[in-house]
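Counting convention: from 1, in listed order, for ligands and their atoms alike.
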Amino acid sequence: MSNRFEGRFAAVTGAASGNGRAIAEKLLADGATLAAIDLNPDALESVFGDRPEILQVQADVADQQSVKAGFEQIADAFGRLDILVNNAGIVKFGTFEELSQAEWDQVFAVNSTGPFLVSQAAYPLLRAGDADHTRAIVNITSVEAHIVISSSGHPQIHYNASKGALLQLTRALAVEAAAAGIRVNAVAPGFIETPFTAEALAKDEVRDWLLERTPLGRIGKPEDVANGVAFLASDEASWITGSTLFVDGGWTVY
Ligand code: NAP
């Protein structure tokens, strides 16, 4: 815990669950003022309802009108933004031969188009952010943007492709946003214990396989992801842009 984000305004998508919730808590603990964005208002209320200092923003990151309305709310409340974390994402499974276009489109809409829409809506606020600090966008990709873990028994070509698109969005936007003093980086988590992975991790054979395959010998925690995000969002990372920080216990090393 530190005060490194004191006086700074942050927004996190998918903030009501798993990694997003841990990221939100970390930024808050380090002093940021927070907009928690999520699809389900009841989930936001049940997680953040007893903390009026947190701005709850219901928005569907895949819907441009909804994103615009959400950022109008943030603009009214904060007037500017210093940190944006594109964390909301979905995973679906299905073999390539059986995958419908609707399933493909849905995963891309949330995982790739969502960060584009949210970053674009946030951009004027980030440009207006605290010029004494670099402002930061952190996108949550996945090790699955870089490698394909087909041996998990869960074919997910649309998820892989959508995270690959987000990786390249990160790199391209890093170049374009640099002149505005905005850094854009990615955190690529390995397997993290969240509702997203609960079903897979409930199986002993999957858990044993993961533990055996992970050099650091444990499953990741949402707080591991949050610590990586906080670093990339901070001034300690002021000369880092277009990069990916792997938070995977060493999974992608070999
Ligand atoms: P999670 O527990 O399912 O949380 C995702 C949150 O995003 C949920 O609150 C969800 O709301 C929200 N969301 C989904 N679609 C949305 C939309 N269209 N608009 C706004 N919010 C939406 O998942 P997680 O494990 O924390 O994953 C978070 C991110 O980490 C994702 O981008 C995922 O790809 C990435 N990641 C996770 C792992 C892992 O092992 N867990 C590994 C690599 C990368 P609902 O619950 O209402 O749908």
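Within the structure, the closest approach of Thr13 to ligand 1 does not fall below 4.0 Å when heavy atoms are considered. Contact analysis leaves Ala15 out of contact with ligand 1, as no non-hydrogen atom separation drops below 4.0 angstrom. In this structure, Asn111 falls outside the shell of residues with a heavy atom less than 4.0 angstrom from ligand 1. Heavy-atom distances between Ala188 and ligand 1 stay at or above 4.0 Å for every pair.
Remark: atom 46 (O) of ligand 1 lies closer than 4.0 Å to no protein heavy atom.
The shortest N/O to N/O separation between Ile90 and ligand 1 does not fall below 3.5 Å. Backbone and side-chain nitrogen or oxygen atoms of Val110 are examined, and none is located within less than 3.5 angstrom of a nitrogen or oxygen of ligand 1. Below 3.5 Å of separation, one finds no N or O of Asn40 facing any N or O of ligand 1. Geometrically, ligand 1 and Thr197 share no nitrogen or oxygen pair separated by less than 3.5 Å.
For Gln106, the side-chain hydrogen bond (donor to acceptor under 3.5 Å, both in side chains) test picks out no residue, with sequence neighbours left out.
Each of the atoms 31 (C), 32 (O), 33 (C), 34 (O) of ligand 1 lies under 4.0 Å from some heavy atom of Lys163.
The cationic group of Arg135 does not satisfy the cation-pi geometry with Phe9, failing either the under 6.0 Å distance to the six-membered ring centre or the 45° limit from the ring axis.
Closest to atom 2 (O) of ligand 1 by heavy atom, among Ser17, Ser162, Ala16, Ser142, is Ser17. For atom 5 (C) of ligand 1, the nearest non-hydrogen atom from the set Gly18, Ala200, Gly70, Gly89 comes from Gly89.
Residue Leu81 holds its CG atom at 5.0 Å from CG of Leu126, rounded to the nearest 0.5 Å.
Aromatic pair Phe96/His158: centroids not less than 6.0 angstrom apart.
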